[in-house]
Amino acid sequence: MSDTQTHYRTCNLCEAMCGIEITHADGKIQSIRGDKEDPFSQGHICPKAVALQDIHEDPDRLRRPMARVGDSWQEISWKEALDRAAEGLQKVQAEHGRNAVASYLGNPNVHNTGAMLLGRLLHNSLKTRNRFSATSVDQLPHHIVAHHLFGHQLKIPVPDIDRTDFMLILGANPIASNGSIMTVPNVKKRLQAIQKRGGQVVVIDPRRTETAAMASSHHFIRPGADVLLLLAFINVLFTDNLVRHDSRALALCDDLDVLPEAVAPWTPERVAPLTGMDAGDIRQLVKAFCAAERAVCYGRMGVSVQEFGLLSQYLVMLINLLTGRLDEEGGMMFTRPAVDVLGHTGPGRLGRNHTRVRQLPDFGGEFPVSALAEEILTPGEGRIRALVTVAGNPVLSTPNGGQLDDALASLDFMVAIDFYLNETNRHADLILPPVSPLEREHYDVIFHMLAVRNTARYADALFSPPKDALHDWQIYLELADRMDPPKSLRDRASRALLRRTGPRGLLAVMLRSGVWGRGLRPGGLTLGKLRRHPHGIDLGPLTRALPGALKHADKRIHLHTAFYLPDLLRVERHFFGDDAIPPEQPLLIGRRHVRSNNSWLHNSHRLVKGKSRCTAMIHPSHAQALGVNEGDLLSITSRVGSIEVAAEITTDIMPGVVSVPHGWGHQRAGIRQQIAAEHPGVSVNDLTDDQRIDMLSGNAALNGVPVTVTRAHALANAV
Ligand SMILES: Nc1nc2c(c(=O)[nH]1)N[C@H]1C(S)=C(S)[C@@H](COP(=O)(O)OP(=O)(O)OC[C@H]3O[C@@H](n4cnc5c(=O)[nH]c(N)nc54)[C@H](O)[C@@H]3O)O[C@H]1N2
Ligand SMILES: Nc1nc2c(c(=O)[nH]1)N[C@H]1C(S)=C(S)[C@@H](COP(=O)(O)OP(=O)(O)OC[C@H]3O[C@@H](n4cnc5c(=O)[nH]c(N)nc54)[C@H](O)[C@@H]3O)O[C@H]1N2
Ligand code: SF4
Ligand SMILES: [Mo]
């Protein structure tokens, strides 16, 4: 028996970067608690943290490469698996061209240091234009706005939540999600602190969420109508002379003169009936926002993932700019991360290429994932014949997942890099499982860049991986050796170095060369220093960064009005045109729960136990009209599919809106996650529509989907 040891690291399950303390003995975890000495999270964790243990110990977690044999799976050696993966992909490319192989990168990649720092190895091996990721069902608009305005897709400012007096939140539920594009451990305490210092938190959401419930005020909004509210907000800024022409950030903008005319038609009175918000309330909101000494407007999934996601996020940024809140304390501020991947990532470019079937634009080299299924299913030159998925589950997480499910079954070849056999990779020929999250080092390359305070924290692996296990990045390296062998002596040397030092070596260099590293000068932040400070290092609050932070060569903010303002015509048509959605049309939105995480934590008994959370929330008036009681099965139908799900009747949802969480639907045959299969739920993405996208960005419109709702057995009787 050895003594209990304590290991400190950051939980990598969501964006909040909570510090955790793990006690363990003899290779077994005894407890996972919040790390009280983490200067950023100060001991906070959520119920998901323990899932790190559940994942690590899960007998369903794949530890050996698997090859499909008919309808079953066989464990094979790494060498054979990697050889077969490379050969299979190369064969498809030899026969059908390099773009016949596609890739899909899922969300957990962003939480994986090695995958982030060495991901290019995989791209270089695949050499395909058909790259997809979860970005286009998520934060794509944030990247495009940052690219246009500030000159780089990763130059995204975040709310300075700790110093604001007024936080206007649209379409985000940080109490459940723990924050997004805003890394903010213990967001509840920070939101309460705003109120304690006399400030306000205002939430705009079609559901009275956990965040709305603790806010100073909450307004229902009709799903998808944020663009109207935001336009009316800016309209009032101009009509009431509330624009802060004296602000530093605004002095860096051109093109401002075209805005007043563009927003002139969008008065609160005109948009009120369509938003469901009273015109007086809208005016009042603008006044209160402007009156606050420090204020910030923040919009997330509910705003990003709808038909005007990009224009809406642009307008959110304009509001911050016009009211003098950008780059000011308590407003939207830029971070100073210790590791800055900006220089290693392209600034982003929109529409360099277009998808074959629907001509959707790419951004930053990735196509909208809404187009993936049709690119597989539509015959002709350039059709996708093979797929590599990495840490993703697009069958459950992308629109019209049912169609994608069918499409995957028709592929010639598929490889998945994943440690679970999920609804997507059940179609794979090969599954290559990387080590568990506790068997690798961790530094949040991305989330430190998006954190509401500058901090840095690194941890070595808690457990050494089993002898023949591979990290995600090592799998990439092995594939690269087979598919993209080094061409020169120099290539060979640099790859050998990568193999030896891995992400940790890169991290060490990036830390040293970063703003806090100060080259080789003493006192700078180094990997060694981070290792000596296992609770993390506080680097202070966010600081003013303009114009230095701007990546445009002229160090100015480019409003790109010629790109954005024409989209107002689409807004006009959408809301006031002949096929405008009638007000009585039920609209579907999503939902997150603190004990769930996208599609993949449902195999943790501790997280899924209790009442099913995969329910459809509807308003009592709606339920009454349908003759539905609590728990009755509803049949919800959209253009693309139909699901049956139990009704949860609540006044917390806006009348006419239906909310169903995503990530469920584990009834599909052939997955290997026993607990998840016992708590299957249904997939809301069997209803969301691959044809409903934000045309400006290509981002999916997962929120505001028109649906019909009936009582399930009534429908069954009728047919
Ligand atoms: N209707 C609706 N749909 C949505 C959303 C919504 O709000 N509404 N949200 C969208 C959003 S924001 C996102 S980000 C997507 C997420 O969509 P995806 O990224 O496609 O799905 P996840 O559920 O995150 O998939 C996780 C997979 O990664 C694997 N995995 C976990 N860690 C690792 C690792 O370190 N390495 C490897 N190789 N594999 C790993 C897990 O085993 C699991 O199979 O869903 C989107 N879908
Ligand atoms: N517990 C948990 N935490 C998570 C995740 C998880 O699955 N579970 N996923 C992680 C990921 S990948 C992400 S991207 C983040 C997302 O983080 P958030 O964006 O904070 O998460 P959501 O809960 O999807 O919040 C979206 C809100 O928008 C509302 N909404 C829907 N449609 C509209 C609309 O048209 N207008 C407005 N104004 N609101 C609307 C919804 O009711 C919902 O409350 O969460 C991360 N954290
Ligand atoms: S809030 Fe996020 S980072 Fe913190 S413990 Fe929960 S899952 Fe982990
Ligand atoms: Mo996400």
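Residue indices begin at 1 and follow the sequence shown. First listed ligand is number 1; within each ligand, the first listed atom is number 1.
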**OP:** Considering only non-hydrogen protein atoms, determine which one is nearest to atom 21 (O) of ligand 2 and report residue, atom name and distance to 0.1 Å.
**Re:** Arg592 CD, 3.5 Å
**OP:** Specify the protein heavy atom at minimum distance from atom 5 (S) of ligand 3: its residue, its atom name, and the distance to 0.1 Å.
**Re:** Cys46 N, 3.4 Å
**OP:** Looking only at distances, please establish whether an N/O atom of ligand 2 is found under 3.5 Å from an N/O atom of His593.
**Re:** yes
**OP:** Kindly confirm or rule out an N or O of Asn598 lying under 3.5 angstrom from an N or O of ligand 2.
**Re:** yes
Subject >> Asp205 versus Asn173, side-chain donor and acceptor atoms under 3.5 Å >> reply: no
Original post:
How far is atom 4 (Fe) of ligand 3 from its nearest protein heavy atom, and which residue and atom name does that atom have?
Top reply: Cys18 SG, 2.3 Å
Subject >> Arg33 atom CZ: more than 12 heavy-atom contacts under 6.0 Å >> reply: no
Original post:
Has Arg270 got its NZ or CZ under 6.0 Å from the middle of the six-membered ring of Phe576, at an angle within 45 degrees of the ring axis?
Top reply: yes
Subject >> Identity and separation of the nearest protein heavy atom to atom 2 (Fe) of ligand 3 >> reply: Cys14 SG, 2.3 Å
**OP:** Tell me which protein heavy atom sits closest to atom 26 (C) of ligand 2, plus the residue, atom name and distance to 0.1 Å.
**Re:** Gly171 O, 3.3 Å
Original post:
To the nearest 0.1 Å, how far is atom 36 (N) of ligand 2 from its closest protein heavy atom, and which atom is that?
Top reply: Asp226 OD1, 2.6 Å
Original post:
Can you tell which of Pro661, Gly590, Ser177 gets a heavy atom nearest to atom 3 (N) of ligand 2?
Top reply: Ser177
Subject >> Protein heavy atom at shortest distance from atom 8 (Fe) of ligand 3 >> reply: Cys11 SG, 2.3 Å
